[in-house]
Every structure is written in structure tokens, then in C-alpha cells.
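Position 1 is the first residue of the sequence, and the numbers go up from there.
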Amino acid sequence: MKLLDAAVLLQPDFADAWNRRAFLYFLKERLAEAGAAIDHALRIQPDSNQSYMIQSLILSASGKTKEAMSAIDRSLAISCRSSRCRSRAR
């Protein structure tokens with residue numbers, strides 16, 4: 001966690017560091033801190049399907065099933081913007 005703290009201090013707009021920080025907080029069951037970190041990551045990079053998947057884990061663990069499903073839907077919508085996904089849908 002110390003390395004991630006240093007990373008976000010040195011580069012506060014480094015969304016991947018915020019994602020990793022959120023996931024680590026999630027693993028430690030520190031859900032409020034995980035939620036704050038993933039919200040920050042999404043403010044920096046709102047089109048990150050990885051961030052929405054992490055957010056869904058945090059929301060699900062918090063008992064917010066509907067919100068978790070919505071985060072999964074957003075992640076899938078972002079993922080399906082790729083041409084590979086569109087070609088599979090044909």
C-alpha cells in the first residue's frame with residue numbers, strides 16, 4: 001500500500017494506481033476506502049471497463065446489488081465498443 005500511496009502522491013492522475021489501490025482496499029475489506037479510490041479512478045478515466053468491474057465488486061460486497069449490476073453493464077458496454085466485440089455480435 002505504501003508504494004500505491006507514493007504513486008498517487010507523485011502522479012495523482014494515474015488511474016491505474018487508483019484502481020490497484022481500490023482493489024487492495026477491497027481485498028482488505030476496507031470498502032469505504034475502496035469505494036473512494038475507485039470513484040477517484042473513474043473521475044480520471046471514466047471509460048475504464050476495469051474500474052467498473054472493480055466498482056462492481058466493491059458495491060456487491062457492500063450489499064448494493066443493483067448498483068453492482070449497473071457497474072457490470074457499464075463495463076461491458078465499454079468493452080463492446082471494440083471492433084472485436086462488435087464483429088462477434090454479427
Inset, instruction - Let me see the working for Asp13 and Gln45 under side-chain contact (heavy atoms from CB on, under 4.5 Å), right down to the final yes or no. - result: CA-CA 9 Å; Asp13 291 338; Gln45 191 174 13; over 6 Å; no
Inset, instruction - Carefully, step by step, assess Ile72 and Tyr52 under the rule side-chain contact (heavy atoms from CB on, under 4.5 Å). - result: CA-CA 6 Å; Ile72 291 170; Tyr52 283 113; over 6 Å; no
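In this structure, Arg21 and Asp5 have side chains that are in contact, with non-hydrogen atoms separated by less than 4.5 Å. Between Leu24 and Arg30, every side-chain heavy-atom pair lies at or beyond the 4.5 Å cut-off. Residues Asn19 and Ser48 are in side-chain contact: their nearest non-hydrogen atoms beyond the backbone lie under 4.5 Å apart. When side chains are defined from C-beta on, Val8 does not count as touching Phe14, because their heavy atoms never get closer than 4.5 Å.
To the nearest 0.5 Å, the span separating CZ on Phe26 from CG on Leu31 amounts to 7.0 Å. With rounding to the nearest 0.5 Å, the separation of CD in Gln55 from OG in Ser60 is 12.0 Å. Put simply, CD1 on Ile78 and CD on Gln50 are 11.5 Å apart, with the number rounded to the nearest 0.5 Å. For the atom pair OG of Ser51 and NE2 of His40, the computed distance is 11.0 Å after rounding to the nearest 0.5 Å.
Ile38 and Leu57 fall within a single hydrophobic cluster, where Ile, Leu, Val, Met, Phe, Trp and Tyr are joined by side-chain heavy atoms under 4.5 Å apart, directly or via other members. Cluster annotation: Met1 and Leu27 are assigned to distinct hydrophobic clusters (Ile/Leu/Val/Met/Phe/Trp/Tyr, side-chain heavy-atom contacts under 4.5 Å, transitive). Under the 4.5 Å side-chain heavy-atom criterion for grouping Ile, Leu, Val, Met, Phe, Trp and Tyr, Tyr25 is connected to Leu4 within one hydrophobic cluster.
Among residue pairs with one or both ends in residues 57-74, none qualify as salt bridge (Lys or Arg N to Asp or Glu O under 4.0 Å); sequence neighbours excluded.
Proximity of a side-chain donor or acceptor of Ser56 to a complementary backbone N or O of Ala68 within less than 3.5 Å is not detected. Without hydrogens or angle criteria, Trp18 side chain to Ile44 main chain gives no donor-acceptor distance under 3.5 Å.
Partners of Arg43 by salt bridge (Lys or Arg N to Asp or Glu O under 4.0 Å), not counting sequence neighbours: none found.
The nearest pair of heavy atoms linking Ser75 to Asn49 is OG-O, 3.0 Å.
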